[in-house]
Structures are given as structure tokens and as C-alpha cells.
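First up is the structure itself, then whatever we jot down about it.
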Protein chains: 2
Amino acid sequence: MSGAGAHGGSPASPAGPENGLGLSRRVPDLGALQLLLAVARLGSLGRAARECGVSQPAASSRVRAMERQLGIALLERSPRGSRLTGAGALVTDWARRIVESAEVFDAGVQALRGRRDSRLRVAASMTIGEYLLPGWLIALRARHPDTVVSLAAGNSAFVAERLRSGEADLGFVEGLTVPQGLDGAVIGHDRLLVVVPPAHPWARRRRPPDARELAATPLILREEGSGTREVLAGALGELAVPLHEFPSTTAVKAAVIGGAGPAVLSELAVGEELAARRLVAVPVEGVALRRALRAVWPKGQRPPAGPVRDLLGLSRLRR
Amino acid sequence: MSGAGAHGGSPASPAGPENGLGLSRRVPDLGALQLLLAVARLGSLGRAARECGVSQPAASSRVRAMERQLGIALLERSPRGSRLTGAGALVTDWARRIVESAEVFDAGVQALRGRRDSRLRVAASMTIGEYLLPGWLIALRARHPDTVVSLAAGNSAFVAERLRSGEADLGFVEGLTVPQGLDGAVIGHDRLLVVVPPAHPWARRRRPPDARELAATPLILREEGSGTREVLAGALGELAVPLHEFPSTTAVKAAVIGGAGPAVLSELAVGEELAARRLVAVPVEGVALRRALRAVWPKGQRPPAGPVRDLLGLSRLRR
DNA sequence: CACCGCTCATAACCCCAGCTTATGCCCTGA
DNA sequence: TCAGGGCATAAGCTGGGGTTATGAGCGGTG
């Protein structure tokens, strides 16, 4: 109660409906969330404290503070342990999503810091590096905790250059062809989707737009776009007129959700938004926007060995 | 680009299985991440500081601390502003996903604390309440900032009871039928997916399992499951033998990823995992696991008005 | 019955992360 | 040349979070 005034100043910022950092006042920090997950899993504050490497009073106090902060009772404490409240279960699920995002962040950062002593140097396209690789690295770390990975991200030419010059051991690219001088294996596919916000006309029309209309419509694209643009240009014959370019995929998504126009993005990038109905994929007749995801390595280097093989195996998943 | 500074300072980790809360040591807190997003968007530390309501030195110091913590140079500072590094752009994208998860968390919690003065009391099934409603609430808050929502989550019977007793103004259920005494409108559909980890035999077989094999296989289910179980039982004739029950959807996912067995989950719950290839959906021949998502309200209450109408509109999205 | 083991809570103390204000340097545009 | 925006540094303060020590319920057990 006493609803935390949160000083309603909403200064209608340009490219975003959300504002300020009141969030960090209303959302517990990662440590507290992890603690909550541990309690949910282990059924006891004390055990959770031990697993998290803190003292039991610290855990107790922390969870209590979190309950005060949220205004919700999360745990049913008893002399025999602690169970989640109904609301607590829901909160825990939302918390787990934050923690998972943090794990992705961490795995990405760990790789990105590019240590010299890395046993596995990876070069990846932006899309794969951003959305797929962190997950693989988390899995890899679970299996081979000692493997240190370094990551460099760029377009296909960048990946190829890194491999040829020996600055990377393994590469990942999306696109139509294997870059010259490299061997490769298809590890999966993704589709490029035309996405619009749910309120957009294309989301409501019975007849979806055809290739002609798509090509005539200004689109929001990521700058440079390499793989994305290549496939798009091939499918449409000539490149659609870009409405605006943004530095990152997520910035593009934010712009689309904000109503700036349609965009063409990998399904990898918009899975969550589609599920949450924040974006809608519009089918476009007669346009095949499927492309291969490939692992690549220097030509002739026959059997990828050691850590390279480990990661390659993890990346080779069905479909 | 995106080379990332070398910076060999690696603080000899304690060779532990990193299960604890080392994450919170390696991942900056929400405030810092929001600050980074603001800098990326506004192009200047000072402007970002102002938007976030802190002093410029605080912002500067905070970002600097973050760079030290991550071991990555995020910004190119110049006397005319600050731009993101190549690596910084990647990090910022990962950061944005954390912040978005936090917004979902916040929206959910705000609704869950159930204020007495709520202008809109919603009762929803677990799946809708967990995955869809927070997104709608974020959108609702952007459009009608004054609307205060309270949320109660349970199974279909629970939702129906809340509506009939006048404790809720609007309900959301997934399932085959409209509960007795309620009016409803279909707002969308979802499918139940059989999911397994990528290494599971079903993910590799050319011939997917049929209904018979599915029904004979122990599955991981959420306890009580209401909507999910109802549809599943209807499709399989008799209920599959549950291998284990978990208290929350996310716990089920974690178990599946960990190799505990196949599960049947809403596509809403696994969109991200599918995109990231942490889970694989297995098609099952001859089994239709599609179900309707419905908004429901007390019978006779003709035109949903005011806030009810607002939220109803937001929830009525294509497909 | 009394004891031990488990649970959670409270109390007193400590430490560092992060905020603030005040100031200085650098670059650019008028 | 000066004004102004942008970033960095230097002091001093506050509080959240951690620790150890201790107490209080409840349950199985000799």
C-alpha cells in the first residue's frame, strides 16, 4: 500500500512511451530475484542462502525487503520451510525471465571481452551473435566449464576475414552463400518476417500485401544489414526504400512497436514479441525470405576438433 | 569493429560451478542498464542523466563502473557526446532484453498487488496472466496512465467464480468452452506444443511420434493444468501419464531443458526458447492442440464500458 | 518428557556502492 | 575570443546489504 508515489512525471519522450528509471525502484535487483528462485526451488530460506553463498539472516532479510518493496506476500513461512504463495509463483516466473535475460547478457559479455588466452575464438554475424550464440555458450559452459570463448560480431565479410586471417577459429553467418575460401555446414534456417504493430493496417487486412506492395513501402532496417538486406533484395528484385535505419535490431523493434512503420527482421529477433502480440508477422505472397544459418571455417581444415567441435555440435540443432 | 578492449584483468574465479549469485556480480543492476539505454538513445551522458533524474557525474561514474565491471569499452566519449562502441551496441541489445523483462515483471506486480481502489479488476488464467497480460498492461498504461489494474490468476473455474461474484470486471481464459453464466469473445488462439530439448530422440527422428506414442509417454506437466490438461485429454482420449508435476510453467521448461522429458506447453510460454533453440517443438500427427483464448464477462452485461473496453481492445489482436 | 535438529526472525555492527555538489578541462560554434 | 555543452575528478554523506550472535516455534526420537 502507500503506493509509492513514483512522481508521475511522464515527459513524453520522443522515441519511447516508457520513461525514467523508476523501474529500478520497483523491481528488485538480480541478487534478490535469484534468491527468490532458489527459495522456490529448494523450499527453504536457509538452503537457498547456503546455495547462494550468503548467511541465512541475509536471505531472510532480503526476501522480506523484497516483499515490502513489491507489496506482495511471496512466501508462506512455516517452521518446516517456505512455500511460494499463489502470487509468489507468478512473480517468480516473471523473475525467472529477468534472470534468464541476465544469463544471456552475461554469456555474451564473457565472450565479448575477448581474452587473449581464449581457447575458442568465434566470429559471428550480428543476428546469430546476438540471439543464438549466448544460448549456445550457456550450454557450452554447462558441459565444458573450462572453455573460454571470445566473440567478435560483424557482417559476413567481417566473419570471413577473421577466419582467413586466423583471428577466429569458427564463424557463423546467415545468408545465401558460403563466403569464398571457407568451408561451411548448414546448422539451421530462419525466416525473415515482415512485422508490424497489431494496430497497423496490414495486420487487419484480409488480403496480405504482395511483393510489389512490400517493395513500394518504406521499411525500417538495421543499418548495413548484410544478410538481411541481401536476402531481401534478392526476393524483391530491387531493394525496398528504407524509411529509417537504426543501429541495432532492438532499436528497430522499438521503432516498429512505436508505429514508425513495417520492418523486416529475423524470426530469431522477434520470437518473444510475436508471442506477446506486441508485433504481428504479415505473410507476403510470393516472397520466400528463408535463409540458411551456417557454421563456417577455413577451407581444408578437415575435422573441427576440440572446443570448435563442441560448440559446433551445440549449434547443430534440428530445423 | 566490436573488437573490445583486451584488458587482461581476470580475477581468478574461485573455480566454482557458478551456481550461486555470481551473476549479480557480473551483470550491472537495472539502473545502470537503463542508463546505458538512455545514453544509446540520446547520444550523451548528460542528457541521459537528466532523463533518468540523476546528476551528470553520477551517470558518468556509473557507466564507467559498468565498463570496468564488464571489461568492455561501451562508449566512445567525445567532447560532442558519446556514441556506442561496436561491442557496446551488442551489450546494449542484451541489456534491453533485461530491461524489457523487468518491465513485464513490474507491470505484473503492479497489477498483482490488487489495490482496493482498482478501476479494473481482472481475473485471468495462469498462462494468459503470465505471458500476455503484462504486455497488455504496459500498452494500457501508455494509453491510459491513470487506470489502476488488479490481477488475480487461477484456473477457469476460479476466473468464472470471480466474475460471477462481482470480484472481477473482466476475465481471460483459455480452453474449449465458455464457462457457464458468462459471455465471451474469442480474442486469439494458441497451440499446445510438445517440446523436448534439442538432444532428445524425438527432435532427431524423421518420423515424429503419433498420438498413441505421445499418450504412452510420461510427460512433464504443470500441476492442476486446467486448460492445458483439458485440451490434452480431449485430444489424446485419455490423459498421458504424468512424469512429474511442477508448480510453475517456467519450472516445467527448466526441467525439460534439463532433460527430464517431454512436456506439453502453450506456444506462448516457449516462444523464446524455440527461437533460441533451447527447446524444439515436435509435431505430433493427428493431434490438434489448438485452443481459443477468450475474454469473458458476466452474462447480460451488454457493452463492456470504460477501462474494461480499453483493455479488451488491446487484447483483441490479429490471429 | 526432554532433547536435538530444523526452520525462521531479531539485534547490533560494518562496509562499500552510489549519490550529491563543486570544480576543471576540452572542444566547437558564433 | 568567449560562451556553452560535454565529460572527468574530488570531496563528503547516506543507506542497503552483509556479517555474527542469539532467540523462538515445531517435529521427530531416545
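Small disclaimer: the values here were computed from a predicted structure and weren't measured. Naming: A, B, ... by sequence-line order, numbering from 1 per chain. Reckoned from all heavy atoms, side chains included, excluding hydrogens, waters and symmetry mates.
The distance from atom CD of B:Q69 to atom P of C:dC16 is 17 Å, rounded to the nearest whole Å. One interatomic measurement links the two molecules: CD of B:E76 to P of D:dA8, which rounds to 13 Å at whole-angstrom precision. Distance, A:L35 CG to D:dG17 P: 11 Å, rounded to whole Å. Between the CD atom of B:E67 and the P atom of D:dA8 there is a distance of 8 Å, rounded to whole Å. Here C:dC6 presents its C1' atom at 17 Å from CZ of A:R77, a figure rounded to the nearest Å. Remark: P of D:dG17 and CE of A:M66 are 10 Å apart, rounded to the nearest angstrom. Atom pair A:L36:CG and D:dG17:C1' shows a separation of 17 Å (rounding to whole Å applied). As rounded to whole Å, 11 Å separates atom P of D:dC7 from atom CG of B:L42.
Which of C:dA9, C:dC26, D:dG27 sits closest to the side chain of B:P79 comes down to C:dC26. Of all nucleotides listed (C:dG18, D:dA21, D:dG6), D:dA21 comes nearest to the side chain of A:P57. With C:dT20, C:dC8, D:dC7 as the choices, the nucleotide that has an atom nearest any side-chain atom of B:S82 turns out to be D:dC7. Nearest nucleotide to the B:S55 side chain, out of C:dT7, D:dG6, C:dT21: C:dT21. For B:S44, taking side-chain heavy atoms from C-beta onward, the closest of the listed nucleotides D:dC7, C:dA9, D:dG17 is D:dC7. Of all nucleotides listed (C:dC19, D:dT19, C:dA9), C:dA9 comes nearest to the side chain of A:Q56. In the set C:dC8, C:dT7, D:dG18, the nucleotide with an atom closest to the side chain of A:V54 is D:dG18. Closest contact between the side chain of A:A58 and the listed nucleotides D:dG17, D:dT19, C:dG18 involves D:dT19.
Remark: A:R96 CZ to A:E100 CD distance equals 7.5 Å, nearest 0.5 Å.
Checking the phosphate oxygens (OP1, OP2) of C:dT7, a side-chain nitrogen or oxygen of A:R47 falls inside 4.0 Å. For D:dC7, the OP1/OP2 oxygens have no side-chain nitrogen or oxygen of B:S60 closer than 4.0 Å. Side-chain N/O atoms of A:R64 include one lying less than 4.0 angstrom from OP1 or OP2 on C:dA9.
Of the N and O atoms on the side chains of A:S101 and B:S101, at least one donor lies less than 3.5 Å from an acceptor on the other residue.
The backbone N or O of B:G108 sits nowhere less than 3.5 Å from a side-chain atom of A:W94 that would complete a donor-acceptor pair. At distances below 3.5 Å, at least one donor-acceptor pair connects side-chain atoms of B:T92 with backbone N or O atoms of B:G88. The main-chain N or O of B:L70 is found under 3.5 Å from a side-chain atom of A:R113 such that the two form a donor-acceptor pair.
Where A:S61 and A:R80 meet DNA chain D, the nucleotide closest to each residue was compared, and A:S61 sits on the side nearer the 5' end.
Residue contacts for A:R50: at a heavy-atom cut-off of 4.0 Å it reaches the sugar-phosphate backbone alone, with no base atom in range.
For the pairing with B:I98, the side-chain contact (heavy atoms from CB on, under 4.5 Å) check across B:D29, B:L37, B:L33 returns one residue only, B:L33.
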